[in-house]
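Notes follow the structure.
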Amino acid sequence: MNQTTNAILMIRPVAFRMNEQTAVNNYYQKVIDGLSPENVNAKAQVEFDAFVQKLRLVGVDVTVVDDTLTPNTPDSIFPNNWISFHENGDVVLYPMFAENRRAERREDVLDLLEAKGFLVNDIMDYTAAEDDNIFLEGTGSLLLDRQNGKAYCALSPRADEELLIEFCEDFEYTPVIFEAFQTVAGDRKLIYHTNVMMCIGATFAVICADCIDDKKERKMVLDSLRSDEKDIILISEDQVNNFAGNMLEVKGADGKRYLVMSTAAYKALTKKQIAQIEQHVTILHSSLDTIEACGGGSARCMMAEVFLPKS
């Protein structure tokens, strides 16, 4: 199994704004004063287009799909929460917490990928769990170490333990389950997505161990990464608040590996952390300030990795 792919899917926003339905447990979202929804979307589109261009310049195969005005899907820019693509040709559809996010699921996305020569063998659909208010938000909730067959998951209202275990049984992953917290107005609250505080590359892992309050769980997660010989790069909660955990390793031209992040995340890193990362990959960053503020997600959330085989 490859940990890193050259192909990603991204959804270009048409009505991006702060989603009030996700803000109930995504504490990274903010209202930008003085900006109309139209201004917010226009800024997000500029950030999106510049980001895609940077990825394509280094040889990443980016499939861009335009969102539609109807249905109303303010968070469509984050497709990794509703779909994942696997090397055996499986496509997985996930149950999502916010009702207005469920409309993001689109069959025509698969048609576009198949038109590009990607093979879809089977669709695994877990979305019926929504009827029971059970959720597992794709590779936001699931951090897949594909090489070592492990699925790291910070439990939250958007990541159900039983459904995680069902996924792991279906795809032959070993679950690594824990709880991760952030401080919100003095209280410790569950972090809504695992990929906010952690990133797994082929030879390294970036993680905010301080988010895992339970010492046994923290040791278990770190021991699991070490047992797979990952170089562990520790980040702080303050850096997580600047989306320094929300990164993704991708392959560019000639298989060169890049760690993709926002400029805010890059600026939050120390020289020592950057040096440690650069022992493994080249850093690629792009400004996503509006998307981060209103969406509460960053570079990693915007990219759905395509591991499907090609015909």
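One-based numbering along the sequence shown. Model, not experiment: these values are computed from the prediction.
Checking side-chain atoms of Glu217 against main-chain N and O of Glu179 turns up a donor-acceptor pair under 3.5 Å. Side-chain N or O atoms of Glu87 include one that pairs as donor or acceptor with a backbone N or O of Asn2 at under 3.5 Å. At distances below 3.5 Å, not a single donor-acceptor pair connects side-chain atoms of Ser141 with backbone N or O atoms of Gly138. At least one donor-acceptor pair closer than 3.5 Å links the side chain of Ser311 to the backbone N or O of Gly117. A donor-acceptor pair is defined here as one N or O able to donate and one able to accept, closer than 3.5 Å; no such pair exists between the side chain of Asp66 and the backbone of Pro13.
The minimum heavy-atom distance linking Val221 with Met198 is given by the pair CG1-CE, 4.2 Å. Nearest heavy-atom pair across Asn6 and Gly252 is ND2-O, 3.7 Å. Residues Leu144 and Phe167 come closest through the heavy atom pair CD2-CE2, 3.9 Å. Nearest approach of Pro95 to Ile134, heavy atoms of both residues: CB-O, 3.5 Å. The shortest non-hydrogen separation linking Ser262 to Asn242 is OG-O, 4.3 Å. Minimum heavy-atom separation, Val120 to Leu308: CG2-CD1, 3.9 Å.
Within the model, atoms OG1 of Thr5 and CE of Met303 stand 11.5 Å from one another, a figure rounded to the nearest 0.5 Å. Put simply, CG on Asn88 and CG on Leu119 are 11.5 Å apart, with the number rounded to the nearest 0.5 Å. Between the OG1 atom of Thr73 and the CZ atom of Arg102 there is a distance of 14.5 Å, given to the nearest 0.5 Å. Atom CZ in Arg188 sits 7.5 Å away from atom CD1 in Ile191 (nearest 0.5 Å). Taking CH2 from Trp82 and OG from Ser76, the interatomic distance works out to 10.0 Å, rounded to the nearest 0.5 Å. Of the inter-residue distances, the one linking Leu112 atom CG with Leu9 atom CG reads 8.5 Å to the nearest 0.5 angstrom.
Aromatic pair Phe135/Phe97: centroids less than 6.0 angstrom apart.
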Margin query: Quick one, Glu249 with Lys256, criterion salt bridge (Lys or Arg N to Asp or Glu O under 4.0 Å). Give me CA distance, side-chain angles, the key distance, then yes/no.
Written below: CA-CA 10 Å; Glu249 184 181 292; Lys256 186 175 177 182; over 6 Å; no
Next item on the list: Determine, step by step, whether Thr194 and Leu142 satisfy the side-chain contact (heavy atoms from CB on, under 4.5 Å) criterion, reporting the C-alpha distance in whole Å, the side-chain angles of both residues, the deciding distance to 0.1 Å, and the verdict.
Entry: CA-CA 7 Å; Thr194 316; Leu142 294 164; over 6 Å; no
Note to self: Could you go through Asp67 and Arg106, starting from their C-alpha distance and side-chain angles, then the distance that decides it, and tell me whether this counts as side-chain contact (heavy atoms from CB on, under 4.5 Å)?
What the structure shows: CA-CA 10 Å; Asp67 193 17; Arg106 294 167 52 179; 4.0 Å; yes
Note to self: side-chain contact (heavy atoms from CB on, under 4.5 Å) for Phe178 and Tyr152? Distances and angles first, verdict last.
What the structure shows: CA-CA 8 Å; Phe178 56 98; Tyr152 291 81; 4.3 Å; yes
Next item on the list: Before giving the answer on side chain to side chain donor-acceptor pair (under 3.5 Å), spell out for Tyr126 and Asp170 the whole-Å C-alpha distance, their side-chain angles and the decisive distance to 0.1 Å.
Entry: CA-CA 11 Å; Tyr126 297 105; Asp170 290 340; 2.7 Å; yes
Item checked: Test side-chain contact (heavy atoms from CB on, under 4.5 Å) applied to Ile8 and Met10, step by step -> CA-CA 7 Å; Ile8 59 172; Met10 295 179 68; 3.9 Å; yes
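At least one side-chain heavy atom of Phe51 sits less than 4.5 Å from a side-chain heavy atom of Leu288. Here the side chains of Val46 and Thr290 are not in contact, with every heavy-atom distance at 4.5 Å or above. For the pair Leu164/Ile177, a side-chain contact is recorded, criterion being any heavy-atom separation below 4.5 Å from C-beta on. Counting heavy atoms from C-beta outward, Leu284 and Val260 have side chains that approach closer than 4.5 Å. Between Leu269 and Met247, some side-chain heavy-atom pair lies under the 4.5 Å cut-off. Put simply, the side chain of Val64 reaches to within 4.5 Å of the side chain of Phe48, judged on heavy atoms. Side-chain atoms of Leu110 and Ile123, non-hydrogen and from C-beta on, do get closer than 4.5 Å to each other. At least one side-chain heavy atom of Leu190 sits under 4.5 Å from a side-chain heavy atom of Phe181.
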Side-chain donor-acceptor distances from residues 199-212 under 3.5 Å, at least two apart:
{"residue": "Thr203", "atom": "OG1", "partner": "Arg257", "partner atom": "NH2", "Å": "2.9"}
{"residue": "Thr203", "atom": "OG1", "partner": "His280", "partner atom": "ND1", "Å": "2.8"}

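Within the structure, side-chain hydrogen bond (donor to acceptor under 3.5 Å, both in side chains) contacts touching residues 265-274 (residues at least two apart or in different chains) are Gln239-Gln273, Thr270-Gln273.
In the hydrophobic cluster analysis, where Ile, Leu, Val, Met, Phe, Trp and Tyr join through side-chain heavy atoms closer than 4.5 angstrom, Val65 is grouped together with Val306. A single hydrophobic cluster is not seen to contain both Val92 and Leu143; linkage of ILVMFWY side chains at heavy-atom distances under 4.5 Å, directly or through other members, places them apart. Hydrophobic cluster membership is shared by Leu93 and Leu113, with clusters built from Ile, Leu, Val, Met, Phe, Trp and Tyr side chains linked at under 4.5 angstrom. Connection of Phe118 to Leu55 is not established within any shared hydrophobic cluster, with ILVMFWY side chains joined at heavy-atom distances below 4.5 Å, either directly or through further cluster members. The hydrophobic clustering, which links ILVMFWY residues whose side-chain heavy atoms are closer than 4.5 Å, places Phe85 and Val62 apart.
Under 3.5 Å, the side chains of Asp145 and Asn148 contain a donor-acceptor pair of N or O atoms. For Tyr94 and Ser84, the side-chain atoms include at least one donor-acceptor pair closer than 3.5 Å.
A salt bridge does not link Arg12 to Glu47: none of the charged side-chain nitrogens sits closer than 4.0 Å to a carboxylate oxygen. One finds a salt bridge joining Lys150 and Asp228 here, because a Lys/Arg side-chain nitrogen approaches an Asp/Glu carboxylate oxygen to under 4.0 Å. Salt-bridge annotation for Glu305 and Arg300: present, with a side-chain N of the basic residue lying under 4.0 Å from a carboxylate O of the acidic one. The pair Glu130-Arg105 counts as a salt bridge, with a side-chain nitrogen and a carboxylate oxygen less than 4.0 angstrom apart.
Partner of Asp61 under the side-chain hydrogen bond (donor to acceptor under 3.5 Å, both in side chains) criterion, chosen from Lys116, Lys251, Arg56: Lys116. Each of Asn81, Asn246, Thr139 was evaluated against Asn195; a single residue qualifies, Asn246, per the side-chain hydrogen bond (donor to acceptor under 3.5 Å, both in side chains) test.
For the pair Arg146 and Phe307, the cation-pi test (distance below 6.0 Å, angle within 45°) is passed.
Other residues, nucleotides and ligands contribute only 12 or fewer heavy atoms inside 6.0 Å of the NZ atom of Lys215. Crowding of Asp223 atom CG: a count of heavy atoms from other residues, nucleotides or ligands under 6.0 Å exceeding 12. Counting non-hydrogen atoms of neighbouring residues, nucleotides and ligands closer than 6.0 angstrom, the CD atom of Gln53 reaches no more than 12 such neighbours.
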